[in-house]
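Structure first, then comments.
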There are 4 protein chains.
Amino acid sequence: MCINGGPPLNDDLQNLEQIEETAEQWTDKHWQILEAAVKVFSEKGFNASRTSEVAKEAGVSEGTVFNYFKTKKDLLKGMLIPLLLRFFRPWLLRGVEKIFNNRQGRPVEDVMTDLVRDRVHLAQANLPLIKAIASEAPFQPELFAPVREQILPQILEVATRFFQEEMEKGTFRTIDPLLAFRGLLSMLAGYVIMRNIAPEEFQLQEEEVEIRRLVDLYLHGLLPREES
Amino acid sequence: MCINGGPPLNDDLQNLEQIEETAEQWTDKHWQILEAAVKVFSEKGFNASRTSEVAKEAGVSEGTVFNYFKTKKDLLKGMLIPLLLRFFRPWLLRGVEKIFNNRQGRPVEDVMTDLVRDRVHLAQANLPLIKAIASEAPFQPELFAPVREQILPQILEVATRFFQEEMEKGTFRTIDPLLAFRGLLSMLAGYVIMRNIAPEEFQLQEEEVEIRRLVDLYLHGLLPREES
Amino acid sequence: MCINGGPPLNDDLQNLEQIEETAEQWTDKHWQILEAAVKVFSEKGFNASRTSEVAKEAGVSEGTVFNYFKTKKDLLKGMLIPLLLRFFRPWLLRGVEKIFNNRQGRPVEDVMTDLVRDRVHLAQANLPLIKAIASEAPFQPELFAPVREQILPQILEVATRFFQEEMEKGTFRTIDPLLAFRGLLSMLAGYVIMRNIAPEEFQLQEEEVEIRRLVDLYLHGLLPREES
Amino acid sequence: MCINGGPPLNDDLQNLEQIEETAEQWTDKHWQILEAAVKVFSEKGFNASRTSEVAKEAGVSEGTVFNYFKTKKDLLKGMLIPLLLRFFRPWLLRGVEKIFNNRQGRPVEDVMTDLVRDRVHLAQANLPLIKAIASEAPFQPELFAPVREQILPQILEVATRFFQEEMEKGTFRTIDPLLAFRGLLSMLAGYVIMRNIAPEEFQLQEEEVEIRRLVDLYLHGLLPREES
DNA sequence: GATGAATGAGTGTTCATTCAT
DNA sequence: GATGAATGAACACTCATTCAT
């Protein structure tokens with residue numbers, strides 16, 4: 001009859017524990033179908049995608065898709081699971097400290113570059129997933145409410161703590177840590193988006209160069225160094 | 001029988017002259033219907049929107065919608081016209097110089113703040129329009145190709161010229177002007193998006209404060225001022 | 001967009017006034033489609049019927065069916081309207097008295113025969129309608145609740161009044177008038193049903209003969225006349 | 001692989017011998033599944049019932065249902081077996097005579113009351129079975145053809161014989177024995193149906209009272225006794 | 001014998017588009 | 001020019017049935 005292994009997706013994305021639990025109960029078929037959905041949704045958008053195409057892409061029959069995900073919308077909802085796990089599990093588990101713990105002596109530019117490079121790579125590797133979700137998120141607020149209300153604050157808290165600590169140590173100048181985070185996030189996202197929309201028009205160089213430049217601008221600003 | 005006043009939209013968005021021409025040939029009904037479409041599309045997304053709802057919102061019959069815009073997609077295409085006109089006509093007509101011409105003596109922070117404020121206000125005022133277009137753009141590349149290929153380079157050129165001149169004058173330090181532009185654009189867009197997604201979670205202050213902080217971060221970077 | 005002239009069917013079948021109102025707001029298309037639905041539903045049963053077949057039978061497109069009746073179930077609900085109007089409007093409007101008013105001097109057998117004949121003819125003429133509704137009624141109690149709770153009591157009241165008056169006049173012997181009504185209704189329905197299921201097996205004669213026999217059995221019972 | 005114990009159901013319901021034979025070859029699982037089907041079908045109707053629900057109700061897997069009954073329709077067909085056995089085996093085996101043999105001296109009212117009470121109890125006890133079959137019978141004529149053509153005539157013959165004998169004995173007045181049977185059957189069925197549709201609206205009393213009244217009306221008719 | 005995952009034809013319903021009035 | 005009834009292709013989802021384990 002109905003398979004739909006794992007708990008229902010509704011309201012079960014409150015925190016990482018629940019998300020991991022759900023993910024563990026998923027079978028290979030779940031992942032196989034979800035990957036197909038990610039591919040199709042990211043290419044055509046949620047509404048323009050056809051469940052038949054997801055099925056074909058997954059190499060299963062249409063009925064099977066619905067055995068594993070009760071509705072088309074559940075496919076979208078399900079994508080939050082790998083997204084959150086891939087992007088936040090390491091961070092939230094280990095804290096960002098680990099990344100910065102062993103920066104002994106290394107210049108802050110290098111450390112920030114590592115950080116940005118990691119996120120850029122992650123975003124590039126998961127671009128379809130991000131595209132599928134991000135493009136539909138504005139129109140399904142109730143679907144993503146748990147993320148906004150539960151997960152986002154956790155992320156902000158980690159980020160804030162990181163910036164605050166560094167500011168106290170004097171690594172960064174003292175500004176609103178959330179502003180610092182938003183600024184970095186914006187530049188990072190802006191880079192990834194523009195890179196994928198119109199790399200030519202923006203005359204983007206190879207990734208490593210761009211990342212270094214981005215970090216440089218973020219850290220030093222546009223004004224001339226005053227010491228000179 | 002078919003009205004569809006003005007030239008067909010296809011391939012007629014190559015430059016501002018053509019766009020203005022098309023806009024002038026539009027009747028009030030065109031605008032009335034397009035505004036309705038903007039409202040509906042921005043709330044539900046292009047594919048989830050119903051032409052019937054656009055008609056109701058516009059206060060006309062469904063048939064009339066199709067008298068003015070041959071297809072649903074033409075409604076989307078048509079939105080590019082007010083978007084481009086509102087965002088770029090003043091810039092491209094007068095050049096950004098005008099904005100900076102009369103900055104005699106005013107500190108660069110203030111001038112940049114004016115610039116950012118202007119764009120933020122514009123974005124806020126046209127948020128539905130932006131949302132309607134931006135959310136569908138990734139899935140209709142051919143629809144937006146003329147913009148990317150014709151309009152975007154014009155914009156980039158103006159922006160580049162501005163940054164370059166200022167760099168030569170010493171107002172800004174010398175970096176890739178496109179990088180400078182992308183950085184500013186990213187921060188600007190990031191601010192507007194986050195403000196509209198989750199103002200609470202990001203603890204956003206009143207606009208003027210946020211804009212000043214944003215410009216400060218953009219201009220000075222995150223590192224402590226070295227002279228101190 | 002949506003036509004669906006007339007008020008929504010839900011909860012609007014409380015009394016004959018509302019039913020008549022709804023019926024008057026129906027267009028020819030409504031009736032055309034409903035007749036087709038009656039035909040199809042009565043032949044295959046509600047669930048086994050296909051809306052596509054209803055459309056074909058009505059000579060309209062499938063979309064048109066749903067313009068006039070929002071759902072397949074609404075087609076079923078809509079059938080109550082002609083059913084009730086055809087079976088009860090005359091009765092409830094004029095009272096059964098009219099039928100019996102002018103029976104001056106005529107033997108009660110003849111009057112009852114007229115009554116039964118009228119109902120049998122009506123039932124025969126509306127057999128598909130009855131079949132379509134009656135076969136689904138047991139499984140859609142909420143759909144027919146208004147009829148059971150509002151219309152049925154009205155009918156029972158009229159019937160009760162009729163039998164009671166005749167009993168007081170001495171035309172009938174004094175028994176529970178509802179029992180008398182149920183008995184007549186049962187025989188009438190039983191006759192119509194058996195006639196349509198297996199006329200051969202029940203060796204049914206021509207209608208007029210059967211009706212006279214039925215009335216005779218109903219009025220005199222199975223026991224021998226005691227006077228003899 | 002396929003079990004489907006017992007002979008195929010098609011065309012094997014010609015007479016009671018074959019039916020009994022089939023019933024004897026059925027295992028407990030057959031009965032278990034069939035009872036579940038009766039429950040589900042009687043609640044939702046044949047077409048609206050899901051084989052998955054039958055399986056769940058029977059406490060077996062969906063596959064098992066189809067091991068015992070090749071198709072969903074076979075479940076319906078199979079229901080004829082308990083129906084016919086329960087309703088007609090005793091009658092046909094022993095003849096109705098047995099019931100009437102020992103009526104020595106008892107008034108005919110009492111004897112008829114016994115008869116009616118027996119049938120009413122039987123119907124009440126098997127209501128789901130009757131409902132499941134009766135509601136689908138009009139739309140599956142070929143399924144029930146053997147019953148109509150083979151079993152029904154046998155029943156009618158027994159009934160006819162009974163009424164005829166009693167008429168010859170003078171217990172009943174002489175009318176068409178089939179009419180007498182149809183009249184009784186109608187009243188009986190009408191009572192059971194109305195009792196289960198709307199006992200309140202019909203103001204039904206306790207069963208024993210209703211049965212006595214029903215028999216009284218059937219035997220004496222509605223007219224006043226002429227001897228008084 | 002029992003299972004239940006996989007199947008895919010089939011369904012009610014939607015909605016962009018047309019066109020007669 | 002404006003209307004809105006009619007259209008029918010298309011889609012999400014269902015479910016009886018199969019069959020490998």
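Everything numeric here is computed off the predicted structure, so don't read it as measured data. Each chain gets a letter, A, B and so on, in the order the sequences are listed, and its residues count up from 1.
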- Taking OP1 and OP2 of F:dC15, is either one under 4.0 Å from a side-chain nitrogen or oxygen of D:Ser52? no
- Message: Does any part of the side chain of A:Val54, heavy atoms only, come nearer than 4.5 Å to the side chain of A:Phe41, both counted from C-beta?
- Response: yes
- Do the side-chain N or O atoms of B:Lys70 get closer than 4.0 angstrom to the phosphate oxygens (OP1, OP2) of E:dA16? no
- Query: Can a side chain N or O of A:Lys73 be found less than 4.0 Å away from OP1 or OP2 on F:dA12?
  - Reply: no
- Item | Integer-rounded Å distance: E:dA5 P and A:Ile33 CD1 | 12 Å
- Message: Please classify the nucleic acid contact of B:Ser49 as base, sugar-phosphate, or nothing, using heavy-atom distances under 4.0 Å.
- Response: sugar-phosphate
- Might you point out which heavy atoms bring C:Leu80 and C:Leu143 nearest each other, and give the distance in Å? CD1-O, 4.1 Å
- Establish, with yes or no, whether the OP1 or OP2 oxygen of E:dG12 is under 4.0 angstrom from a side-chain nitrogen or oxygen of C:Arg50. yes
- Between A:Tyr68 and E:dA5, does any side-chain N or O lie under 4.0 Å from OP1 or OP2? no
- Determine the minimum heavy-atom distance between B:Leu34 and B:Leu75, stating which atoms define it. CD1-O, 3.4 Å
- Note on the structure: Which of F:dA6, F:dA2, F:dC15 is nearest the side chain of C:Lys29? It is F:dA6
- In whole angstroms, how far is the P atom of E:dT3 from the NZ atom of D:Lys56? 15 Å
- Query: side chain to side chain donor-acceptor pair (under 3.5 Å) with B:Asp74: which of B:Lys70, B:Lys72, B:Lys77?
  - Reply: B:Lys77
- Calculate the interatomic distance between A:Phe69 atom CZ and F:dT14 atom P; express it in whole Å. 15 Å
- Note on the structure: Between CZ of B:Phe66 and P of E:dT18 the distance, given in whole Å, is 8 Å
- Item | Consecutive Watson-Crick or G-U pairs in runs of at least 3, all under 3.5 Å, in which DNA chain F is involved | E:2-21 with F:2-21
- Query: How about C:Trp26 and C:Phe69: are their ring centroids closer than 6.0 Å?
  - Reply: yes
- Task: Select from A:Phe46 and D:Lys72 the residue whose nearest nucleotide in DNA chain F is closer to the 5' end of that strand.
- Result: A:Phe46
- Respond yes when some side-chain nitrogen or oxygen of B:Ser61 is under 4.0 Å from OP1 or OP2 of F:dT3, and no when none is. yes
- Task: Measure the distance from CD on A:Glu62 to P on F:dA12 and round it to the nearest whole Å.
- Result: 7 Å
- Query: Is B:Glu35 salt-bridged to B:Lys39, cutoff N-O under 4.0 Å?
  - Reply: no
- Task: Starting at atom CG of B:Asn67, determine the distance to atom P of E:dA16, rounded to an integer number of angstrom.
- Result: 16 Å
- Message: Between A:Gly59 and B:Ala48, which residue's closest nucleotide on DNA chain E lies nearer the 5′ terminus?
- Response: A:Gly59
- Item | Beyond-backbone contact of D:Ile133 with D:Phe144, side-chain heavy atoms, under 4.5 angstrom | yes
- Salt bridge flag under 4.0 Å for residues B:Lys73 and B:Glu136: no
- Message: From CZ of B:Phe41 over to P of E:dA16, roughly how many Å is that when rounded to an integer?
- Response: 9 Å
- Note on the structure: Residue pair C:Val65/A:Thr51 against DNA chain F: nearer the 5' end by closest nucleotide is C:Val65
- Distance in angstrom units between C:Asp28 CG and F:dA6 C1', rounded: 16 Å
